[in-house]
Amino acid sequence: MFPQFGPTAASITKASTMVFRVGTDAHLYDDPEDVSIGPLLDSKFNSEKVEALKRLLALIAQGCDVVNFFPQVVKNVASQSLEVKKLVYLYLLHYAEKRPNEALLSINCYQKDLADLNPLVRAWALRAMAGIRLHVVAPLVLAAVGKSARDPSAYVRKCAANALPKLYDLRQEQTYGSIEELIGILLNDNSPGVAGAAAAAFNYICPTNLVLIGRGFRRLCEILPDVDEWGQIILIGILLRYAVARYGLPSRSSVGVSSENPSSFSKTISVNVDALPENRFGMTEGQVDDSTFISLLFSSYVEGQDEFLLRSNCTTKSSDFLESPGLSCGENHDVKILLQCTSPLLWSQNSAVVLAAAGVHWIVAPREDIKRIINPILFLLRSANSSLYVVLCNLLVFAKAMRKFVHKYEYRNKKFLGSRPCG
């Protein structure tokens, strides 16, 4: 409308942008290569080293490959400046896997930093060591993780748990026993953050060694609400698998009782993980194979207990493979604790956490208490379209089995779904 004011407005906008950028590192992204980074990395002044390292990280953020500066960066890991050391470790975490041989040259500096008074420095050193994917360094990394697993700082212990999958990926059989032992230690940690990271490591490394879960099952249930959301999803699945494997499929649950004829499944199949025979399914003592576990769980209530026992050649109830039949979740204190600790998660802001918690109640809660999961799942219908499909698939399963509970919500849900925009 007023073209004469155009240049003035553009100048004002540019000036205001420059004012807001004063005191920040935004200028690093304008032209990170406008200075010579190499000489700055070799400077004797920490301020120039910091400037060079920030420009390198800016280039990494923009997708540039700056691995050619690796030798110059790695020698600065011995710097006494905390800011320089932090930026060096950020660079090393990105490139240690690509240049493991050169990263190995500074292994002594990493080990020295593991004894630093600052827990952040100890955590950075551990993460850098775990990023060196060389078999020759695996014993050193294992020793570092073992030391960090008992560190007084919860952040360092969490980094130790996150380092275990990287160590496991090296596929050195002589370290497996030590890794599982460390997972057991970290699972018993009092910090929810550490326990969540340890659960992720357990699920990746030894998901069938449920004996590790049994040692601290109740404590894991109690800290479950304080674990981060994605850790909750993993930990809920682990605790549920242990509860079903250890105490059986409850006869009073919605899974244990058919919706058409509740009296048809009146017994419970239980797997004693502490007394599993070694040669029945090719498993070691205290472990439950995933495929076998699923087969036991579903065949026991799909085929019926008698046919299942005949087919499995387990005709006697005195076998050490089975516990006493008729055990329900209402009679077991551990399962009660699991249900109580997952109840608040039914109203989590994360839809995946809600579905995981609802799955626990669906499988082990008494059928008369299953209605508590209906409202939280229906509330998920307000989720984004990207997750709505998964929610509806789960809701369909619940609706088929609990028609009398879900029927009264049918009109309201049709009206709500009909008002949602398509796409």
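The local environment of CZ in Phe379 is sparse, with at most 12 non-hydrogen atoms from other residues, nucleotides or ligands closer than 6.0 Å. No more than 12 heavy atoms of other residues, nucleotides or ligands sit less than 6.0 Å from atom NZ of Lys158. Taking a 6.0 Å sphere around CH2 of Trp347, one finds it holds more than 12 heavy atoms contributed by other residues, nucleotides or ligands.
Rounding to the nearest 0.5 angstrom, the gap separating the OG1 atom in Thr175 from the CG atom in Leu182 is 10.0 Å. Note that the CG atom of Leu355 and the CG atom of Leu345 stand 12.5 Å from one another [nearest 0.5 Å]. Between the CD1 atom of Ile60 and the NE2 atom of His94 there is a distance of 5.0 Å, given to the nearest 0.5 Å. Separating the SG atom in Cys221 from the NZ atom in Lys336 is a distance of 14.5 Å, to the nearest 0.5 Å. Rounding to the nearest 0.5 angstrom, the gap separating the CG atom in Asn162 from the CG atom in Leu126 is 9.5 Å. To the nearest 0.5 Å, atom CG of residue Leu224 and atom CD1 of residue Ile236 are 5.0 Å apart.
The main-chain N or O of Leu120 is never found under 3.5 Å from a side-chain atom of Tyr155 such that the two would form a donor-acceptor pair. Judged by distance alone, the side chain of Lys85 and the main-chain N or O of Ser79 form a donor-acceptor pair under 3.5 Å. Side-chain atoms of Asp113 do not come within 3.5 Å of backbone N or O of Asp116 as any donor-acceptor pair. Judged by distance alone, the side chain of Arg157 and the main-chain N or O of Pro152 form a donor-acceptor pair under 3.5 Å. Not one N or O on the side chain of Glu229 forms a donor-acceptor pair closer than 3.5 Å with the backbone of Val353. Between the side chain of Asp189 and the backbone N or O of Ile185 there is no donor-acceptor pair closer than 3.5 Å.
Taking both residues in full, the closest heavy atoms of Leu186 and Ala160 are given as CD1-C, 4.3 Å, listed atom of the first, atom of the second, then distance. When every heavy atom of Leu346 is checked against every heavy atom of Pro376, the shortest pair comes out as O-CB, 3.1 Å. For the residue pair Ala161 and Ala198, the shortest heavy atom distance occurs at CB-N, 3.8 Å. Residues Pro71 and Val67 share a closest heavy-atom pair of CD-O, 4.5 Å. For Cys206 against Leu212, the heavy-atom pair with the smallest separation is SG-CD1, 3.9 Å. Nearest heavy atom pair, residue Ala201 against residue Leu164, reads CB-CB, 4.4 Å.
No side-chain heavy atom of Val145 sits less than 4.5 Å from a side-chain heavy atom of Ile179. Using a 4.5 Å heavy-atom threshold, the side chains of His361 and Asp369 count as separate. In this structure, the side chains of Glu48 and Asp42 stay at 4.5 Å or more apart for every pair of heavy atoms. Between Leu41 and Leu53, some side-chain heavy-atom pair lies under the 4.5 Å cut-off. You'll find the side chain of Lys147 stays beyond 4.5 Å of the side chain of Gln111, heavy atoms only. In this structure, the side chains of Ile132 and Val141 stay at 4.5 Å or more apart for every pair of heavy atoms. Using a 4.5 Å heavy-atom threshold, the side chains of Ile373 and Val354 count as separate. Side-chain contact between Phe217 and Leu338 is present, with heavy atoms from C-beta onward closer than 4.5 Å.
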Could you check Trp230 against Asn350 for side-chain contact (heavy atoms from CB on, under 4.5 Å), going step by step and ending with a plain yes or no? CA-CA 9 Å; Trp230 299 111; Asn350 190 315; 3.5 Å; yes
Please walk me through it: do Leu210 and Phe202 pass side-chain contact (heavy atoms from CB on, under 4.5 Å)? CA-CA 9 Å; Leu210 298 177; Phe202 171 87; 4.3 Å; yes
Apply side-chain contact (heavy atoms from CB on, under 4.5 Å) to Val73 and Val66, showing your working. CA-CA 11 Å; Val73 173; Val66 291; over 6 Å; no
Would you check, one step at a time, whether the test side-chain contact (heavy atoms from CB on, under 4.5 Å) holds for Leu220 with Val227? CA-CA 10 Å; Leu220 288 173; Val227 178; over 6 Å; no
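In this pair, Tyr110 and Tyr89 present their aromatic rings tilted. The plane angle is within the 30 to 60° band.
Taking the charged nitrogens against the carboxylate oxygens, Glu222 and Arg218 have no contact shorter than 4.0 Å, which rules out a salt bridge.
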